[in-house]
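The structure under discussion appears below in the form of structure tokens.
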Amino acid sequence: MQVVVGGGIVGLSVAWRLARAGRPVTVVDPAPASGASHAAAGMLAPVSEVTYTEEPLLRLGMASLRRWPSFAADLIADAGLPTTGLTPVTPAEGGPAPRAGRAPTDGGGLDFRSDGTLDVAFGADDLAALDELATFMEKLGLPVERLTGRECRRLEPMLAPSVRGGLLAPGDAWVDPRRVTAALLVALERRGVPLVRARVTELIREGGAVTGVRLAPPGHDVPAQPPPGHGVPTEIPGGRDVPGEIRAERVVLAAGAWSAELAEVPVRPVKGQIMRLRSPQPLLGRCVRGTVHGASVYLVPRGDGELVVGATQEELGFDRRVTAGGVYELLRDARELVPGVTELEVAEMVAGLRPGTPDNVPLIGPSATPGLHLATGHHRGGVLLAPLTAAMLQGEESELAQLCSPLRYRDIS
Ligand code: GLY
């Protein structure tokens, strides 16, 4: 039996893949799908998020992006979501033109869409930085297209006239993480996977090995209400009475930013605030990222018209407060790129904690402690890397798994 500690997108994906392979597994989380996955915008954008020093992350991201279409299709089937009947949506007046041969849709049950990311520059300094990045991307052989400001506005008419130029990454995609975690919970229930709504207080260690988990008493630390937001079930399926401990051959630690409370792992919380805006019609046809005098912002459209604007990056420990400064920063930069955002209704502000590692590469696979496997430290890439992580924990992708091996840090136990 395996126990997965953590019911975010990574833990649930790992458990689902194990269950699909016929392996007995239990998930433990006091409030599944309420952490970083609940706040995430869901960009699956390894190309447009590439940075100069993080080529390993690019390789991981590209490999996981390739897995996303079949991951989404299998999940839709397993969760019993409709595979057809994508709801056509009408672009806002002056909004993006329908793409040739295909009506804009809500992307199906998971709102999974692969229409690319448009990375735009606001100031002359931003354009110079984007040009340099484009040269780097071209050297890496990444499929990107340089665009003038006018070409950017042709693709996305709601962009500000002051946008000076951009870069299209046509292969990037995005998904609604809340729909994904809700579907994973249903799929797990349909496969009979127990979900224990309790907090793990410690890993059981015997003879130098991890042999299970100890749980907080029933009702302790369990929120009265699941988190708000569409797609999150009000009754978590598959719940059962909480015993004091669960024994397991293998414990998979997938507790995100909280992983360091249970094991010696170099994971720290990196706060991200995002804003969800509501619009009757989509304002954008694809993800738009941009830099405004060096500050990054992204806007992710949902099929139902919602627009997610993110995200701050703050090193403040376990602080999950939404702040006036966070709201200001996001709106200030988003408005420079897409002035129409100020007309939209604010649906929600939410803060999540990304699990950061010293090298920004996740910790996936066996640790030096027998019985303890890790699936944590995904920092900005938990949604993108969930399918790859689940595959790695099944022994697939051994070459890429080397990059993520927890054994690169000596002190993990
Ligand atoms: N992946 C985007 C973020 O973490 O803000």
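Sequence positions, counted from 1, serve as the residue numbers for this chain. Scope of the values below: all heavy atoms of this structure, side chains included, with no hydrogens, waters or symmetry mates. Read the numbers this way: they start at 1 and go in the same order the structure lists the ligands and their atoms.
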| remark: Hits for ring-ring contact (aromatic ring centres under 6.0 Å, His included) against Tyr328, two or more places apart or cross-chain, chain-then-number order -> none
| query | When the aromatic ring centroids of Trp258 and Phe318 are compared, is their separation below 6.0 Å? | reply | yes
| Hey, mind stepping through Ser64 and Arg59 against side chain to side chain donor-acceptor pair (under 3.5 Å) and telling me if it holds? | CA-CA 9 Å; Ser64 204; Arg59 288 180 63 200; over 6 Å; no
| note | Taking every heavy atom of Leu363 against every heavy atom of Pro406, the minimum-distance pair comes out as CD2-CA, 4.0 Å
Can you list every pair where an N/O of ligand 1 is under 3.5 Å from an N/O on the protein?
unit_1   : atom_1 : unit_2 : atom_2 : d
ligand 1 : 1 (N)  : Arg380 : O      : 2.7
ligand 1 : 4 (O)  : Arg354 : NE     : 2.7
ligand 1 : 4 (O)  : Arg354 : NH2    : 3.4
ligand 1 : 5 (O)  : Tyr298 : OH     : 2.6
ligand 1 : 5 (O)  : Arg354 : NH2    : 2.8

| task | For the pair Phe71 and Trp16, name the ring-plane relationship: parallel under 30°, tilted 30 to 60°, perpendicular over 60°. | result | perpendicular
| Is it true that the side chains of Arg153 and Thr148 contain a donor and an acceptor less than 3.5 Å apart? | no
